[in-house]
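Below is one structure, written out as structure tokens; comments come after it.
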2 protein chains.
Amino acid sequence: MSLVDESAQSDRVRDALTAAHLYYMQDLTMDAIAHELHTSRSSVSRLLSHARATGLVDIQIRSPLDAPSRLELLIQERFHITAHVVPVPDHATDVDRLERVALSVARILGQFFDSNMVMGIAWGSTMNAISRHVTPKQTHGSQIIQLNGAGNMRTTGLSYASEILGRFGYAFGAHVHQFPVPAFFDNPATKQALWRERSVSRLLEMQSRMDVALFGLGSPFSEVPSHVYAGGYLEEADYASLSRSEVVGDVATIFYRADGSTDGIQLNARGTGPDFTVLRQTPRRLCVVSGTAKLASLRGALKADLITDLFVDESTARALVANA
Amino acid sequence: MSLVDESAQSDRVRDALTAAHLYYMQDLTMDAIAHELHTSRSSVSRLLSHARATGLVDIQIRSPLDAPSRLELLIQERFHITAHVVPVPDHATDVDRLERVALSVARILGQFFDSNMVMGIAWGSTMNAISRHVTPKQTHGSQIIQLNGAGNMRTTGLSYASEILGRFGYAFGAHVHQFPVPAFFDNPATKQALWRERSVSRLLEMQSRMDVALFGLGSPFSEVPSHVYAGGYLEEADYASLSRSEVVGDVATIFYRADGSTDGIQLNARGTGPDFTVLRQTPRRLCVVSGTAKLASLRGALKADLITDLFVDESTARALVANA
DNA sequence: AAGCCGGGTGAACAAACGTGCAAGGAGGGG
DNA sequence: CCCCTCCTTGCACGTTTGTTCACCCGGCTT
């Protein structure tokens with residue numbers, strides 16, 4: 001990028017800031033702003049879009065603390081976590097649901113992440129959707145770290161996971177640390193060995209002191225299986241084993257039962273996500289769930305105390321509190 | 001207000017929140033929202049207006065810290081205060097200027113005031129303009145306190161000042177403490193006496209430990225005199241005295257010279273605003289200035305170290321840094 | 001030097017939005 | 001019980017905003 005480009009860039013930002021100020025603080029019309037900035041109305045429209053898209057304009061919704069939605073209150077009382085219920089009409093499809101929840105999370109995420117923080121991020125369809133919408137917020141010295149490997153029998157999985165992580169990293173100006181291992185090792189011993197490598201243990205150490213974790217839930221036996229279960233990461237025998245162990249879900253390729261327990265689930269010895277005892281040390285653990293198919297999985301994750309902040313669509317939230 | 005009204009009220013807020021979420025977080029059109037909420041598009045438009053007006057939706061502009069405007073940077077370097085430069089076209093009238101700066105301040109004020117804080121507020125045309133636009137933000141246990149008396153020879157001044165203070169109090173859900181004394185006493189001894197009254201000294205004590213002060217500047221000898229100078233608060237003899245003392249401005253009816261000094265200005269013995277030594281103890285001191293007519297006054301206030309955060313229109317900011 | 005390419009611009013159109021207005025409905029007073 | 005008042009609603013209209021398109025301009029290639 002040349003010097004000229006750079007200064008043009010900063011001109012553009014300056015103009016966008018001015019336009020945003022005039023539009024959102026002083027309530028001028030775009031026409032009036034165009035006049036003050038000696039340009040056309042369309043350009044102002046574009047400037048403002050740009051300002052919103054790049055996070056120069058930050059729009060928050062603050063419910064007066066005395067009136068959180070009834071559902072959020074119920075969830076808070078029942079599970080002692082903060083719930084963010086995303087309004088989605090009951091007749092929406094699961095794809096819609098996912099997309100809309102993801103969009104909401106993408107917009108609000110900046111409130112949980114700041115300079116000099118470390119955020120751990122899983123991967124999967126939910127994370128992918130969020131990553132495509134996340135609104136930028138400039139931070140300094142912050143790190144984003146991949147929670148679990150993404151390789152499978154066919155690929156190293158690097159491109160998929162790194163695309164997702166990359167978008168988060170770009171949006172926050174954070175350093176991205178990838179985790180270049182398969183999602184599941186074939187042999188537990190290989191994992192043990194690799195875990196002792198300094199390059200890997202450095203990552204594990206970072207994971208153990210991250211400030212925020214962001215993840216979705218896997219639900220192996222629901223009708224709309226999550227990415228992990230459709231992507232060729234597991235074999236028939238693995239499924240049988242999961243079924244035998246009465247697994248209801250996973251977080252970053254670590255599986256758990258309906259009561260939140262993980263003991264004796266053999267696949268976990270080969271999975272690459274953070275152990276739940278490690279995860280539970282993380283101060284903020286943001287879980288994003290959409291669709292009632294993941295209800296059992298969500299209940300298990302709550303039992304396992306994996307969640308401090310839950311983002312969930314309205315119907316699923318309702319189902320969560322419906323029957324005890 | 002009946003029980004039914006109350007619940008209707010909260011329904012309205014709930015709907016407004018949902019609408020705001022759908023509109024600002026999920027980018028639905030008002031049409032789509034109307035459909036989801038089973039109402040008309042116009043009602044959604046109104047709901048959203050309501051949500052913005054009542055502060056349910058909070059729009060902030062965050063300039064990336066590496067790119068504050070050149071002017072703000074210059075002011076910061078020269079005077080060691082935080083400047084908020086409000087873009088206003090050069091050809092705007094002084095009335096425009098005031099109105100637009102006031103609007104901007106009104107929108108941003110919530111960022112400086114929170115629960116359990118005490119804010120001192122002056123009165124005058126600037127404060128009046130701000131008060132008419134201030135966006136609400138619910139707080140608990142916060143207090144707003146009048147900085148200086150408002151009575152004059154004709155009226156107690158209560159209605160004007162209390163109208164202003166009342167709007168701030170209402171917007172923040174804060175308890176308002178009025179200061180029922182004249183702007184200037186006729187006799188310094190009366191002030192002394194009253195200052196020893198417990199009801200008054202309680203107010204003075206609160207003033208001495210306020211968290212934020214918000215004030216404009218008076219400029220007695222400019223061509224567009226401030227409220228105090230037009231409202232019959234002072235007599236010819238007073239003006240002469242001010243002129244003799246080389247006064248350039250006042251904050252809350254306390255006068256100062258170009259070098260920021262106040263010693264020997266006789267009128268101050270009869271004024272009712274907080275002594276500058278008291279004011280300087282306040283952590284955040286927000287000063288709102290618009291129009292180059294107040295430039296001399298502003299320079300004096302800066303010399304007197306009365307300001308920590310300055311809100312000023314662009315031309316005045318430019319003039320401030322122009323000649324040394 | 002001509003020619004392509006990418007990014008940005010304003011005009012024109014289409015979509016989305018705000019608002020005056022008349023109609024309807026709840027509540028309160030006669 | 002009726003009527004009056006006040007508030008809210010949806011419609012219709014005019015305005016404001018988003019987006020497409022043709023065009024221009026600087027930079028880079030051939």
Side-chain angles (χ1 to χ4, degrees), chain A residues 1-59 61 87 89 100 103 107 132-133 135-136 170, chain B residues 1-59 61 67 87 89 100 103 107 132-133 135 170:
Chain A
M1 195 189 290
S2 75
L3 266 177
V4 175
D5 283 352
E6 258 179 51
S7 101
Q9 189 77 356
S10 110
D11 268 9
R12 186 174 170 75
V13 170
R14 208 187 308 285
D15 279 357
L17 276 170
T18 311
H21 196 116
L22 294 173
Y23 191 75
Y24 289 107
M25 298 286 115
Q26 296 189 20
D27 291 341
L28 300 201
T29 72
M30 295 189 182
D31 241 340
I33 299 172
H35 199 255
E36 296 202 2
L37 259 52
H38 306 290
T39 179
S40 75
R41 198 184 52 70
S42 345
S43 296
V44 174
S45 170
R46 283 186 273 255
L47 271 180
L48 288 172
S49 300
H50 179 73
R52 280 182 306 249
T54 55
L56 292 182
V57 174
D58 180 26
I59 302 184
I61 295 181
R100 292 175 60 164
L103 193 49
R107 294 285 169 83
R132 277 184 285 103
H133 296 296
T135 30
Y170 178 73
Chain B
M1 196 190 291
S2 78
L3 265 177
V4 175
D5 281 353
E6 259 179 49
S7 102
Q9 189 75 359
S10 111
D11 267 9
R12 186 173 172 76
V13 170
R14 207 188 307 285
D15 279 355
L17 275 171
T18 310
H21 196 116
L22 294 173
Y23 190 76
Y24 290 107
M25 298 286 114
Q26 298 188 19
D27 291 341
L28 299 201
T29 70
M30 295 190 182
D31 243 338
I33 298 172
H35 200 253
E36 296 201 4
L37 261 50
H38 307 290
T39 177
S40 74
R41 196 183 54 70
S42 351
S43 296
V44 174
S45 169
R46 282 185 273 255
L47 271 181
L48 288 172
S49 299
H50 179 74
R52 280 184 305 250
T54 55
L56 292 182
V57 174
D58 180 26
I59 301 183
I61 296 180
R100 292 175 60 163
L103 192 49
R107 292 285 167 85
R132 278 184 284 105
H133 296 296
T135 29
Y170 178 74

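The sequence lines fix the lettering, A, B, ..., with proteins before strands; numbering per chain opens at 1. The model shown is predicted, which means the values in this text are computed figures rather than measured ones.
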Exercise. Among C:dC13, D:dG10, D:dC13, which is the nearest nucleotide to the side chain of B:Arg41?
Worked result: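 The listed nucleotide nearest to B:Arg41's side chain is D:dC13.
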
Exercise. Any idea which of D:dC11, C:dG18, C:dG10 is nearest the B:Met30 side chain?
Worked result: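 Ranking D:dC11, C:dG18, C:dG10 by closest atom to the B:Met30 side chain puts C:dG18 first.
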
Need one value for [X]: base, sugar-phosphate or nothing, where a base atom within 4.0 Å counts as base even if backbone is also close, heavy atoms only.
| X | answer |
| --- | --- |
| A:Ser45 | base |
| A:Ser43 | sugar-phosphate |
| B:Ser42 | base |
| A:Ser49 | nothing |

For this session: Examine the side chains of A:Ser42 and A:Ser45 and answer whether a donor and an acceptor come within less than 3.5 Å of each other.
Result: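 Result is no, nothing qualifies.
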
Problem set entry | Polar side chain donor-acceptor pair, B:Arg52 to A:Tyr24, under 3.5 angstrom |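 On atom types as modelled, these side chains do not qualify, holding no pair under 3.5 Å.
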
Exercise. Heavy atoms, side chains only, cut-off 4.5 Å: are B:Leu103 and A:Met25 in contact?
Worked result: no

Problem set entry | B:Ser40 side chain near B:Met30 side chain, heavy-atom distance below 4.5 Å | no

To the nearest Å, how far apart are [X] [atom1] and [N] [atom2]?
| X | N | atom1 | atom2 | result |
| --- | --- | --- | --- | --- |
| A:Asp31 | D:dG18 | CG | C1' | 14 Å |
| A:His35 | D:dT16 | NE2 | P | 15 Å |
| B:Asp27 | C:dA16 | CG | C1' | 13 Å |
| A:Leu28 | D:dT16 | CG | P | 12 Å |
| A:Arg46 | C:dA12 | CZ | C1' | 12 Å |
| B:Ile33 | C:dA16 | CD1 | P | 12 Å |

Exercise. Which sits closer to the 5' end of DNA chain D, B:His38 or A:Leu48, going by the nucleotide each is nearest to?
Worked result: B:His38

For [X] and [N], is the shortest distance between a side-chain N/O and OP1 or OP2 below 4.0 Å?
| X | N | answer |
| --- | --- | --- |
| B:Arg52 | C:dC17 | no |
| A:Thr39 | C:dT9 | no |
| A:Tyr23 | D:dT17 | yes |

For this session: Let me know which of B:Thr39, B:Leu37, B:Ile33, B:Leu56 forms a side chain to side chain contact (heavy atoms under 4.5 Å, CB included) with B:Leu47.
Result: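 Exactly one option meets the side chain to side chain contact (heavy atoms under 4.5 Å, CB included) with B:Leu47, and it is B:Leu37.
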
